[in-house]
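Since we're looking at a predicted model, the values are computed, not measured.
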Amino acid sequence: ELGNWRLTAWRSDGHMWALDNGVFHGFCSNTWVGHSEKFSDIILECEILYDGYGAADICVRGNRDADKTWEHGYNFAIGHTNDRTKGRIILTNPKGHHEESVEFNLNEWTKLTISAVGKTIQAYVKPEHRLSMIDKENRFPSGQICLSDQSCPKGDNSQCDGSGHIKFRHLVVKSAV
């Protein structure tokens with residue numbers, strides 16, 4: 001039972017998503033799961049646990065039914081720093097906004113807040129560690145929240161034990177109005 005979330009296959013190796021004891025995770029599936037509701041001005045709060053393998057995304061004001069979900073909303077990529085000592089979040093869509101990143105500790109539950117209020121899009125793990133942009137064009141005024149699990153990089157299944165390398169819990173969506 002995924003509640004208000006629906007699987008939208010992108011590239012699937014047959015594994016999917018699960019909600020176990022309040023923890024939401026993919027199984028190295030390279031798939032997206034999208035919320036059923038559309039949102040405009042929202043605040044998404046959640047906790048993430050990432051071990052540094054593969055990658056994941058959170059897309060706000062996205063389109064869960066699009067072929068390339070990450071291109072149809074404000075997409076935050078979750079990955080690791082170049083030296084693999086920290087996790088990091090960068091804004092990858094709209095393109096040209098990924099110079100900044102927000103870092104967090106690997107293998108620890110980390111509270112993440114993403115807000116999309118009007119033309120201002122932000123993500124932070126602590127109020128003082130904030131990633132922010134103003135989209136003057138307001139390209140994505142509303143849409144769904146989508147999560148991806150890309151835990152097994154293409155061609156490298158060595159770390160893919162089916163447990164998922166990114167986990168989400170305490171997902172709360174609030175209206176920002």
Side-chain angles (χ1 to χ4, degrees), residues 1-6 17-29 31-62 64 69-70 73-93 97-135 140 142-151 163-177:
E1 174 61 42
L2 298 177
N4 290 333
W5 299 86
R6 188 184 89 200
W17 285 77
L19 180 59
D20 297 316
N21 298 318
V23 177
F24 200 42
H25 59 94
F27 291 95
C28 299
S29 58
T31 56
W32 287 84
V33 62
H35 199 279
S36 60
E37 295 180 44
K38 286 190 175 183
F39 301 97
S40 306
D41 293 340
I42 59 124
I43 297 171
L44 169 67
E45 295 176 344
C46 65
E47 292 181 12
I48 58 173
L49 179 66
Y50 175 60
D51 66 4
Y53 293 100
D57 294 272
I58 299 175
C59 187
V60 295
R61 295 184 184 166
R64 71 177 185 185
T69 304
W70 63 93
Y74 299 103
N75 192 72
F76 293 89
I78 301 169
H80 55 75
T81 56
N82 290 339
D83 62 4
R84 293 187 177 264
T85 60
K86 296 266 188 190
R88 74 176 183 162
I89 300 165
I90 58 173
L91 181 63
T92 58
N93 195 52
H97 293 280
H98 58 274
E99 298 82 25
E100 300 175 56
S101 66
V102 174
E103 295 182 359
F104 60 94
N105 292 329
L106 297 174
N107 299 306
E108 292 179 14
W109 283 106
T110 302
K111 182 173 181 178
L112 171 63
T113 302
I114 295 177
S115 65
V117 181
K119 298 177 180 185
T120 303
I121 313 303
Q122 298 183 347
Y124 54 91
V125 294
K126 295 179 182 174
E128 65 273 16
H129 297 113
R130 183 178 304 255
L131 179 61
S132 184
M133 73 154 294
I134 295 176
D135 184 3
F140 309 105
S142 68
Q144 291 138 330
I145 299 168
C146 305
L147 311 173
S148 82
D149 168 26
Q150 303 168 41
S151 293
S163 64
H165 297 287
I166 182 77
K167 294 177 172 58
F168 301 90
R169 71 178 182 190
H170 304 290
L171 285 149
V172 176
V173 181
K174 300 176 184 178
S175 173
V177 193

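The main-chain N or O of E108 is found under 3.5 Å from a side-chain atom of T110 such that the two form a donor-acceptor pair. Without hydrogens or angle criteria, S142 side chain to K38 main chain gives no donor-acceptor distance under 3.5 Å. Side-chain atoms of Q144 come within 3.5 Å of backbone N or O of R64 as a donor-acceptor pair. A donor-acceptor contact shorter than 3.5 Å is absent between the side chain of D41 and the backbone of S175. No donor-acceptor pair closer than 3.5 Å links the side chain of N93 to the backbone N or O of N75. A donor-acceptor contact shorter than 3.5 Å links the side chain of D83 to the backbone of T85. A distance-only check finds no donor-acceptor pair linking the side chain of R88 to the backbone of S101 [under 3.5 Å].
Side-chain contact check for I89 versus V125: some heavy-atom pair is nearer than 4.5 Å. Residues F76 and I121 meet the side-chain proximity criterion, which asks for heavy atoms closer than 4.5 Å. Here the side chains of L112 and F104 are not in contact, with every heavy-atom distance at 4.5 Å or above. Side chains of I114 and Y74 form no contact here, defined as non-hydrogen atoms less than 4.5 Å apart.
A cation-pi arrangement, defined by a distance under 6.0 Å to the six-membered ring centre and an angle within 45 degrees of its axis, is present between R130 and Y124.
Tested against L147 for a side-chain contact (heavy atoms from CB on, under 4.5 Å), the candidates I166, L171, I78 yield a single pass: L171.
Of the inter-residue distances, the one linking E45 atom CD with T113 atom OG1 reads 4.5 Å to the nearest 0.5 angstrom.
Counted within 6.0 Å of CG on N21, heavy atoms from surrounding residues, nucleotides or ligands total 12 or fewer; the atom is thus considered open.
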